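Okay, so here's the structure we're looking at.
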Number of protein chains: 2
Amino acid sequence: MKMKTVMNLTKALADETRVRMLLALRGGELCVCQVTELFGFAPSTVSKHLSILHQAGLVESRKQERWVYYRLPDQNAPVPVRAGLAWITQALENEACIAADVRKLKQILKMDPTELCQRQCPK
Amino acid sequence: MKMKTVMNLTKALADETRVRMLLALRGGELCVCQVTELFGFAPSTVSKHLSILHQAGLVESRKQERWVYYRLPDQNAPVPVRAGLAWITQALENEACIAADVRKLKQILKMDPTELCQRQCPK
DNA sequence: TTTTCATTTCGCCACTTGACGAAATAACGT
DNA sequence: ACGTTATTTCGTCAAGTGGCGAAATGAAAA
């Protein structure tokens, strides 16, 4: 794999928020407004983080109806990508802040996405 | 492993020079002046990079005579550290710039360390 | 076609990072 | 003990990063 490509991977993993986003996606795909709710940043900030992860190949996305869903890549992804995800996941297993994210996400998934979005995009 | 510790790892790997330093150490320990010669940065810059790698646990060091030698950690290192090294090594196998570093390093190892240091510490 | 609205892009700001040279440190040789 | 010297620390500076809000985008709904 090219050095540039590898550095895109390592730089993408060099931010705590982005790492937590990846781990949050282990439970299945999420739309931007759900991730926004989980981390409490502005939608534009969340979108930027997700685009950096996407650029690195660490997430895939699809658009359905009004929402863009992001998910972890499938088995077709390059080995270094999957290995990087496995590495960071393993390193953080049993980590308290990750468990807290999972708990909070569980609550968010009970809510209506439309409601979440409208709360974030006022007017 | 604590989130903070993991982020020290990912941030240490998020710089091309530091990654190349790690791979250069695969052939065995190197002293600071050898690493300095390999990458062409100021000694203070190289020292800073090595200290960041050390802080993350990705290298160990020992002092002998006039020189400080850095090396990759042994099997006693935490799993995430060894896994991170294995990951980055695998991702960059067959990468041209790494092979070039190895070639250049081979030349440097033929030289006398004392000579290298004196060239770098003028006066 | 026009409106609505979730997401992205852009411009700006504060903070961090990586580079250097100068000065401090620490350990060896004399 | 003293001087030499390899390495580290410190101060500074330019460049990169992550945050936000406003504006642009683009696709579905009306």
Side-chain angles (χ1 to χ4, degrees), chain A residues 4 7-8 10-21 29-56 59-71 108 111-123, chain B residues 4 7-8 10-21 29-56 59-71 108 111-123:
Chain A
K4 190 97 182 258
M7 294 315 298
N8 276 343
T10 61
K11 284 176 191 294
L13 294 177
D15 179 90
E16 179 173 335
T17 302
R18 286 195 292 268
V19 167
R20 287 169 62 197
M21 284 179 179
E29 65 180 10
L30 297 172
C31 80
V32 179
C33 66
Q34 291 170 321
V35 179
T36 300
E37 184 71 15
L38 178 56
F39 294 107
F41 288 121
S44 61
T45 301
V46 171
S47 178
K48 187 76 199 317
H49 279 307
L50 288 169
S51 99
I52 288 170
L53 291 171
H54 187 83
Q55 182 89 1
V59 299
E60 300 172 349
S61 67
R62 73 186 176 92
K63 190 166 228 170
Q64 184 185 324
E65 294 166 5
R66 257 175 251 189
W67 300 292
V68 176
Y69 289 92
Y70 285 88
R71 64 178 181 279
I108 291 171
M111 306 181 196
D112 177 13
T114 304
E115 209 176 307
L116 286 178
C117 285
Q118 289 177 348
R119 184 137 44 95
Q120 291 155 10
C121 305
K123 185 58 186 309
Chain B
K4 190 98 182 256
M7 294 315 297
N8 276 343
T10 60
K11 284 176 192 294
L13 294 177
D15 178 272
E16 178 174 333
T17 302
R18 286 195 292 268
V19 167
R20 287 168 61 197
M21 285 179 178
E29 64 180 12
L30 297 173
C31 80
V32 178
C33 65
Q34 292 170 322
V35 179
T36 300
E37 183 71 15
L38 178 56
F39 293 107
F41 288 121
S44 62
T45 302
V46 171
S47 178
K48 187 78 197 320
H49 278 308
L50 288 169
S51 99
I52 288 170
L53 291 171
H54 187 82
Q55 182 89 1
V59 299
E60 299 173 348
S61 67
R62 72 186 178 93
K63 189 166 229 171
Q64 184 185 325
E65 295 166 4
R66 259 175 249 188
W67 300 291
V68 176
Y69 289 91
Y70 285 88
R71 63 179 181 278
I108 292 170
M111 306 180 196
D112 178 12
T114 305
E115 209 176 309
L116 286 179
C117 285
Q118 289 178 347
R119 184 135 46 96
Q120 290 155 10
C121 304
K123 187 55 187 308

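Nothing here was measured: the structure is a model prediction, and the numbers come from that model. In what follows, chains are A, B, ... by sequence order, proteins preceding strands, each numbered from 1.
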Are any non-hydrogen side-chain atoms of B:Arg18 and B:Leu13 less than 4.5 angstrom apart? no

What nucleotide, of C:dC28, C:dT7, D:dG18, holds the atom closest to the side chain of A:Ser47? C:dT7

Against the side chain of B:Trp67, the closest entry in D:dT7, D:dG21, D:dG18 is D:dT7

How many Å lie between CE on B:Met111 and C1' on D:dA6, as a whole number? 18 Å

Upstream residue (5' side of DNA chain D) when A:Lys63 and B:Lys63 are each assigned their closest nucleotide: B:Lys63

Checking all strands, does B:Tyr70 fall into the base, sugar-phosphate, or nothing category for heavy-atom contacts under 4.0 angstrom? sugar-phosphate

Taking only side-chain nitrogens and oxygens of B:Thr45, does any of them come within less than 4.0 Å of OP1 or OP2 of C:dA19? no

Euclidean distance, B:Leu50 CG relative to B:Gln55 CD, rounded to 0.5 Å: 13.0 Å

Write down the distance between CD (B:Gln64) and P (D:dT5), rounded to a whole number of angstrom. 19 Å

Give the rounded distance in Å between these two atoms: OH of B:Tyr69 and P of D:dT8. 13 Å

Whole angstroms only, please: what is the CG-P distance between A:Asp15 and D:dG16? 18 Å

Send over the distance from B:Phe41 CZ to C:dG18 C1', rounded to a whole Å. 9 Å

If I take atom CD1 in residue B:Ile52 and atom C1' in nucleotide C:dT16, what distance separates them, rounded to the nearest angstrom? 11 Å

In whole angstroms, the gap separating P of D:dT17 from CE of B:Met7 amounts to 14 Å

Answer whether the closest heavy-atom distance between the side chains of A:His49 and A:Thr45 falls below 4.5 Å. yes

Starting the side chain at C-beta, find the nucleotide from D:dT7, D:dG18, C:dT8 nearest to A:Val32. C:dT8

Could you label the plane-to-plane angle of the A:His54 and A:Tyr70 rings as parallel, tilted or perpendicular, counting under 30° as parallel and over 60° as perpendicular? perpendicular

When you measure from the side chain of B:Lys11, which nucleotide among C:dT8, C:dT17, C:dA6 comes out closest? C:dT17

Give the nucleotide from the list C:dG18, D:dG19, C:dG21 with an atom nearest to the side chain of B:His49. C:dG18

Run the salt bridge (charged side-chain N to carboxylate O under 4.0 Å, His left out) check on B:Lys4 and A:Glu16 step by step: do they pass? CA-CA 9 Å; B:Lys4 190 98 182 256; A:Glu16 179 173 335; over 6 Å; no

I'd like to check B:Ile52 versus B:Lys11 (side-chain heavy atoms, cut-off strictly below 4.5 Å). Are they in contact? no

Would you mind telling me which of C:dC20, D:dG18, D:dT7 lies closest to the side-chain atoms of B:Val68? D:dT7

To the side chain of B:Thr17, which of D:dT8, C:dA19, C:dT7 is closest? C:dA19

Should B:Ser44 be listed as having a side-chain N or O under 4.0 Å from OP1 or OP2 of D:dT8? no

Judged by each residue's nearest nucleotide on DNA chain D, which is more toward the 5′ side, A:Glu65 or A:Val46? A:Val46

Quickly work out the B:Arg66 CZ to D:dT8 C1' distance and round it to whole Å. 18 Å

Nearest-neighbour nucleotide for the A:Arg18 side chain, D:dC20, D:dG18, D:dA6 considered: D:dG18

